[in-house]
Amino acid sequence: MVQTVAWIVSLIFMLLIAAVFGFVAFKSKEKRDYEPIKKKWYKARTFYGATLAVVMLVLTIYTLRELPYNQPVYSAGNDPTIVDVEAIQFGWKMSETEFKVDEPIEFHVTSTDVTHGFGIYDSELNLIAQTQAMPDYTNKVYITFDKPGTYEVLCLEYCGLAHHLMIGKIEVTE
Ligand code: CUA
């Protein structure tokens, strides 16, 4: 059944393409002034280019407007917990590792040696937030845990022989 449909659809397309080739071959005998054709298609190309530029600009702004992701709207009395994170070959130094559900947290992430990747994983090892840990630079990650549990911090950038041993733990309770 599916094969019959596929065969008929293919046949229709093959005939269509053959018809287009035939039409072009037939028309190619005809002499026509080149200038108006050129003008017409240059116009089409300009229109296509301009439309594409506008669409891309709108899409870019639309998809990036929430950056940085998860940055909460802070109000008085709802200050985030600031957590200093230092990556070091080969481990994580975190000023705090125990949090509550719905507590807004701001991780300030840096490194004391080379560049590492700070990645927070949930208990099913889904990556839920990440940033680079770079020497002489502090990157911020905003997160508000919505589920209690044990989260893991893994290094996301190869940083030396014991890169795979850079595992940190975060406990989130109700
Ligand atoms: Cu630190 Cu890989």
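Atoms within a ligand are numbered from 1 in the order they appear, just like the ligands themselves. The analysis underlying the following values was restricted to heavy atoms, covering all of them including side chains, and did not include hydrogens, waters or symmetry mates. Predicted model, so just to flag it, every value in this text is computed and none were measured.
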message: Quick check: closest heavy atoms across W92 and A133, and the distance to 0.1 Å?
response: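 Shortest heavy-atom contact: CZ3-CB, 4.4 Å.
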H163 versus C155, closest heavy-atom pair with distance: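 Smallest heavy-atom distance, with atoms named: CE1-O, 3.2 Å.
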- prompt: Hey, quick one: are F118 and I128 part of the same hydrophobic cluster, counting side-chain heavy atoms closer than 4.5 Å, chains of contacts allowed?
  reply: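 The answer is yes; both residues are in one hydrophobic cluster.
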Cut-off under 2.8 Å, centre atom 2 (Cu) of ligand 1, protein N/O/S atoms: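 Protein N/O/S atoms under 2.8 Å of atom 2 (Cu) of ligand 1: C155 SG, E157 O, C159 SG, H163 ND1.
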message: Would F145 and Y151 count as a ring pair (Phe, Tyr, Trp, His ring centres under 6.0 Å) here? Give the steps.
response: CA-CA 10 Å; F145 293 102; Y151 292 77; 4.5 Å; yes
task: Evaluate the side chain to side chain contact (heavy atoms under 4.5 Å, CB included) criterion for residues T173 and V101: first the C-alpha distance (whole Å), next the side-chain angles of each, then the deciding distance (0.1 Å), finally the verdict.
output: CA-CA 6 Å; T173 50; V101 167; over 6 Å; no
field: Between E86 and T110, a side-chain donor and acceptor under 3.5 Å
entry: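 Judged by distance alone, the side chains do not pair up.
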